[in-house]
Structure formats: C-alpha cells, structure tokens
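Counting convention: from 1, in listed order, for ligands and their atoms alike.
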Amino acid sequence: MNGHQGVDHDQELDAKFKELSLMKKHKRSQVVRVSSGLPHQQSSSVSEQEATEERRRHNSLREEDRVRTVAAMSENFKDILDLVGEDASRQGLLKTPERAAKALMFFTKGYEEKIADILNDAIFDEDHDEMVIVKDIEMFSMCEHHMVPFIGKVSIGYLPNKRVLGLSKIARIVEVYSRRLQVQERLTKQIAVALTEAIQPTGVGVVIEATHMCMVMRGVQKLNSRTITSTMLGVFRDDPKTREEFLTLVRH
Ligand SMILES: [Zn+2]
C-alpha cells in the first residue's frame, strides 16, 4: 500500500510544517491610529494635549511592533541562510538576518501607511482645468510572485475638476502603493483609483514602465525587457484626444 503510506506521510509532514511555522508566527500589525476613546469636544488646549498624547502612544506602539516584527523576521532569515547552504554563524553573516529584515521592512513600508493620512492637508480648491502631468516618478517595488524587485518609472496625468493635489503628494501615492508586494497591473490601477478618490478629477491616466528582476535574473533572463501597464479613467478613457495628449506628453 505504497500510495496510502505516501498520503499519510504527506499529511504528517504537512502537520509538522504547520506546527513549526506557527511557532514563528508574528504578524506585523498595521497600527495606524490609536484612539484615546475620549470625546473631542473639550477646550482646544486639552484637545491638543490629548492629540499629542495619542500621537506619542501611537508612535511607541508602532515602534514596539516594529521591533517585534524585525526580531521574528530575523529568525526566519537566519533559517533561510542555512537553507541556501550558508553558515549563518560565520562572521560576515552574523548581522545579515537583522539587516535583511530591516531592508524588507523598508521595501514593504507601504503597509504602514494610509493614503488618507498623507493627502488630507494637500487638497486645494483651484479653478485650473488644464491637464496636470507628473512624469518619470521613480518607483521601486517587489513582485508578489517571487519577492524580488521590479523597478521603473511612473507617469501620472489628470484633468482637475475644481480641485488639485499638491504635486509632491502625487509621488507619495506612488510610494505608498509601490512599497508593498505588488503586481504591476494592480499598482497602476491603485494609483489611478487613489487619485480619483482624493480629488474626483474629470479623468486620470497612469502609465508604468518597469523592469522585473524575476524576468532579468531568472526564467527568461531578458536583460532589456520592460513591462508597460496603463490605467485610464474618466475622459482619459472615453476621449481619444485627451488620452492621446497625455500619452504624447508622457513619451517626450
Ligand atoms: Zn515575479
């Protein structure tokens, strides 16, 4: 009954795997706000004090969580070093698990940020109705299939509808979404949707051109292949002339 034994063996291995991986389970929490639970209708000085206290508690919780997450990640990176055939205890590698953990935390810091927190003080009423374009915003992200980088440039255009967004904030939207595990198609769309939700423009266009290390360093190993994705919303989708204007300006 070889087949039967095989199934048992697989289940046993599977159970063992789950047990072992549970021992190391620590999930980075997305601590975004700590509510004091108090009503905010008191005098402004008290509210300010409260707000400061709330921020302080929020920051220390966040820091505590970060330390725990880096520690748990470092343990796992130590195992990975051994698993690739290295000796994790040799001198040159002693601090590598912690460095790798901190680097990965940085590459995925977008999980700790919310678009609303970043944009709320940078939306302005403005009667400008010409296309606004920010092009060639540098982008560094991590492909969610292989956890290796894909890097490139993002160009964003929109047609305002009574409201504009501070220009530097457009790059911040890119940062928040690209510093997560991503696929390029979703990243493109998320940026377009975030901009739409923030200022309800008449139209939005986002184009990303990127090189994926999972294609360059493994698999097909095509050094110069680039992937281009685009999302067009509103008039950028419906009106070929607007779309063409955007694409022409982005290309040059
Ligand atoms: Zn990949």
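With hydrogens and angles disregarded, no donor-acceptor distance shorter than 3.5 Å links the side chain of Lys189 to the backbone of Thr231. When atom types are taken as modelled, the side chain of Arg57 and the backbone of Glu53 share no donor-acceptor pair closer than 3.5 angstrom. In this structure a side-chain-to-backbone donor-acceptor pair under 3.5 Å is missing from Arg68 to Glu64.
In this pair, Phe246 and Phe236 present their aromatic rings perpendicular. The plane angle is above 60°, beyond the 30 to 60° band.
Looking only at atom types and distance, the side chain of Ser141 has no donor-acceptor partner in the side chain of Gln182 under 3.5 Å away.
Annotation: protein N, O or S atoms under 2.8 Å of the Zn ion (ligand 1) (waters excluded) comprise Cys143 SG, His146 ND1, Cys214 SG.
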Salt bridge (charged side-chain N to carboxylate O under 4.0 Å, His left out) for Lys102 and Glu98? Distances and angles first, verdict last. CA-CA 6 Å; Lys102 284 179 176 165; Glu98 191 186 333; 2.9 Å; yes

